[in-house]
Colleague: 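The structure's right below; bear with me while I get my questions together.
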Amino acid sequence: MRISTALATAGPITTIVPIQQVDSKADQEALAALPNSWQLPDIDSLFSAEHGEHLLHLQQQERILLLGVGKNWHFNKVLRAFRQLAIKQAKLLSADVRVHWPQNLWGTELHSCCEAATNGLCQGQYTIAKYKTQAPEAHILSNATVVHTVAEEEQIACQTAATRGLAIGKSQLGIMDLVNAPSNKKTPQDLAKWAEQSAQQHGYQAEIWDKAKVTEAGMEALLAVGQGSPTPPCFILLRYEGPDCADKPLVGLVGKGVTFDTGGLSIKPSTNMHYMKSDMGGAAAVLGTVEAAARMELPVRLVAAIPCTDNSVDADAVKPSDVIGSYSGKTIEIIDTDAEGRLILADGLSYIARNYKPDVLINLATLTGSSVRTFGYQAAALFSVDDALAQQLKSVGSTNGERVWQLPLWEEYGEQMQSDVADIKNFSGRPMAGAITAAKFLQFFTDEHPHWAHLDIAGVAFGDTDFAKGKAATGYGVQLLVDYLEQL
Ligand code: BES
Ligand code: ZN
Ligand code: ZN
């Protein structure tokens, strides 16, 4: 997909016209502002501009497609309306698509609407059917040119915004593929290869540590989680610096890269275990963010760490009651081998905190079922020691739809993680406050970083989507972090 200011082809063109809903009718002002030459019939009884509703009007070579965005539109609603259209009504689209934004009805947000629409169309090309012997046809938009028709004076801002929506969308497509990939096509080494290729293509650095290097570095917690698996763990380290950015703050990112979580010896029930191929959703969000930042040449400095491993079961697997070491030097008593994400993050967090001393440290992880029970698929659980940072992430997420909601880090929760035999244990042993006690465990390994935030994305990284009948990757995190970085 490309963005352009003019269409080159003479073929059939679909013009998408997003329309807001006022009361329970399509916005009359918007309809009145449409070109007379379109000769739209009286459509009141046919189209009420509900979110996602569409109406096709054919006129010679032109296909006019009214698209409802509903009431109280915002970035994410516009995005979803366009994404749904691309997924479910691909037949109505053409190889060149125009988006017609009538008059001033979108106010000062017109450019962000162009971004949302472009991003939605881009995401809408996604196909999950990768391993079918009869490959689905390429999406009509995969080779399309998209033109946003706006007033002359809006042209530049809208073009820039649309380009941004496309760049973010491309990185989201890539990480959705990663998260949806089954465990037998996605070893820690496959993630490393993905990072290397992306880094080469988009101009950032990726350093891969194999098991020998991880051992030499003393990442004993990462090694412990990996010791029951035939595929060795690895550690991915990414660096990106925008043009002329030497004096910009350094942002450290850490992502949980568990390529499959069986639970280990504390094995998970089988019913939903297949979803645990998505337990590298935090890693994917970090990979996608660094890639998108590089793709857009954002003026930021990033360092990212992704500890990668399987959590498997065999005679060598770590056992409940084992005491292990960690990169930080602190010892950990394993109570539950299914609380593995916090173990590998402990090593990733202390590695970045100690060696890079970033100004801000953010980690993302599909960390606990508890956060899913709390927020469902609607928000990530946010934990932070820095109220200003928490506020920034909340505000960005409420604007772009990748919501976060804060939970406390009161020290009483930390007391539940004290171990009799080691410096800390990996599970409180009590079926309560699971997302919070997990966050307290992570905090123990941040070297008291004053600007640390943890996002538990277990509910939002993988869930109900328009892409699939079952649960699938959502691409969560890239939009949130890119918008956050741009506001820095
Ligand atoms: N990967 C899971 C968390 C998870 C659950 C992600 C559901 C996505 C959907 C994590 O490693 C885990 O198993 N956590 C346990 C921790 C417990 C044993 C302390 C949990 O939340 O049950
Ligand atoms: Zn687990
Ligand atoms: Zn896990």
Side-chain angles (χ1 to χ4, degrees), residues 179-180 183 186 188 191 221-222 224-226 228-229 233 254-285 306-313 317-322 332-348 363-381 383 407 413 416-417 419 424-442 454-465 470-474 476-477:
V179 175
N180 286 328
S183 153
K186 180 169 65 185
L191 286 192
L222 172 57
V225 176
S229 175
V254 181
K256 169 179 173 181
V258 171
T259 46
F260 194 83
D261 183 9
T262 65
L265 287 169
S266 317
I267 198 162
K268 287 183 182 294
S270 57
T271 324
N272 290 325
M273 199 198 277
H274 56 294
Y275 294 143
M276 284 302 122
K277 66 178 184 179
S278 67
D279 209 18
M280 34 57 75
I306 302 174
C308 293
T309 181
D310 250 20
N311 186 22
S312 295
V313 193
V318 70
K319 300 182 200 70
S321 84
D322 284 1
I332 306 167
E333 180 188 10
I334 307 292
I335 302 295
D336 193 312
T337 63
D338 198 9
E340 84 299 341
R342 61 196 77 183
L343 299 176
I344 71 169
L345 288 168
D347 279 353
N363 72 263
L364 295 97
T366 48
L367 203 62
T368 66
S370 163
S371 75
V372 190
R373 289 189 291 276
T374 306
F375 294 121
Y377 301 147
Q378 303 313 320
F383 300 85
L407 293 175
Y413 289 112
Q416 299 183 28
M417 303 304 277
S419 161
I424 193 167
K425 55 185 179 186
N426 78 332
F427 174 40
S428 69
R430 302 155 92 182
M432 53 202 248
I436 307 178
T437 48
K440 288 307 284 183
F441 181 93
L442 296 183
H454 154 51
L455 290 163
D456 189 337
I457 61 170
V460 285
F462 197 77
D464 296 332
T465 66
K471 288 185 204 294
T474 60
Y476 183 97

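Whatever order the structure lists them in is the order used to number ligands and atoms, beginning at 1. The shown structure was predicted, so the numbers you read here are calculated from the model rather than taken from an experiment.
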Colleague: When you compare the side chain of Asp347 with that of Ile344, does any pair of heavy atoms fall below 4.5 Å?
Modeller: no

Colleague: Counting only N and O atoms by type, is there a donor-acceptor contact under 3.5 Å from the side chain of Lys268 to the main-chain atoms of Thr262?
Modeller: no

Colleague: Write down the atom of Gly263, the atom of Thr337, and the distance for their closest heavy-atom approach.
Modeller: O-OG1, 2.6 Å

Colleague: Is there a side-chain contact between Lys256 and Glu340 in this structure, where contact means two heavy atoms from C-beta onward sitting under 4.5 Å apart?
Modeller: yes

Colleague: Measuring only between side-chain heavy atoms, which start at C-beta, is Leu367 closer than 4.5 Å to Leu442?
Modeller: yes

Colleague: Asp279 side chain to Thr259 main-chain N or O, any donor-acceptor pair under 3.5 Å?
Modeller: no

Colleague: Pull up every protein N/O/S atom sitting under 2.8 Å from the Zn ion (ligand 3), skipping waters.
Modeller: Lys256 NZ, Asp261 OD2, Asp279 OD2, Glu340 OE2

Colleague: Can you run down the salt bridge (charged side-chain N to carboxylate O under 4.0 Å, His left out) pairs that involve residues 366-377, sequence neighbours left out, and say none if there aren't any?
Modeller: none

Colleague: Can you pull every nitrogen or oxygen pair between ligand 1 and the protein closer than 3.5 angstrom?
Modeller:
unit_1, atom_1, unit_2, atom_2, d
ligand 1, 1 (N), Lys256, NZ, 3.3
ligand 1, 1 (N), Asp261, OD2, 3.2
ligand 1, 1 (N), Asp279, OD1, 2.8
ligand 1, 1 (N), Asp279, OD2, 3.0
ligand 1, 1 (N), Thr366, O, 3.4
ligand 1, 11 (O), Lys256, NZ, 3.2
ligand 1, 11 (O), Asp261, OD2, 2.9
ligand 1, 11 (O), Asp338, O, 3.0
ligand 1, 11 (O), Glu340, OE1, 2.8
ligand 1, 11 (O), Glu340, OE2, 3.0
ligand 1, 13 (O), Lys268, NZ, 2.8
ligand 1, 13 (O), Asp338, O, 3.1
ligand 1, 13 (O), Asp338, OD1, 2.7
ligand 1, 13 (O), Asp338, OD2, 3.0
ligand 1, 14 (N), Leu367, O, 3.4
ligand 1, 21 (O), Gly369, N, 2.7

Colleague: What pairs with Thr368 under side chain to side chain donor-acceptor pair (under 3.5 Å), at least two apart in sequence or on another chain?
Modeller: Asp456

Colleague: Quick one: pull up OG in Ser419 and CD in Glu333 and give me the separation to the nearest 0.5 Å.
Modeller: 3.5 Å

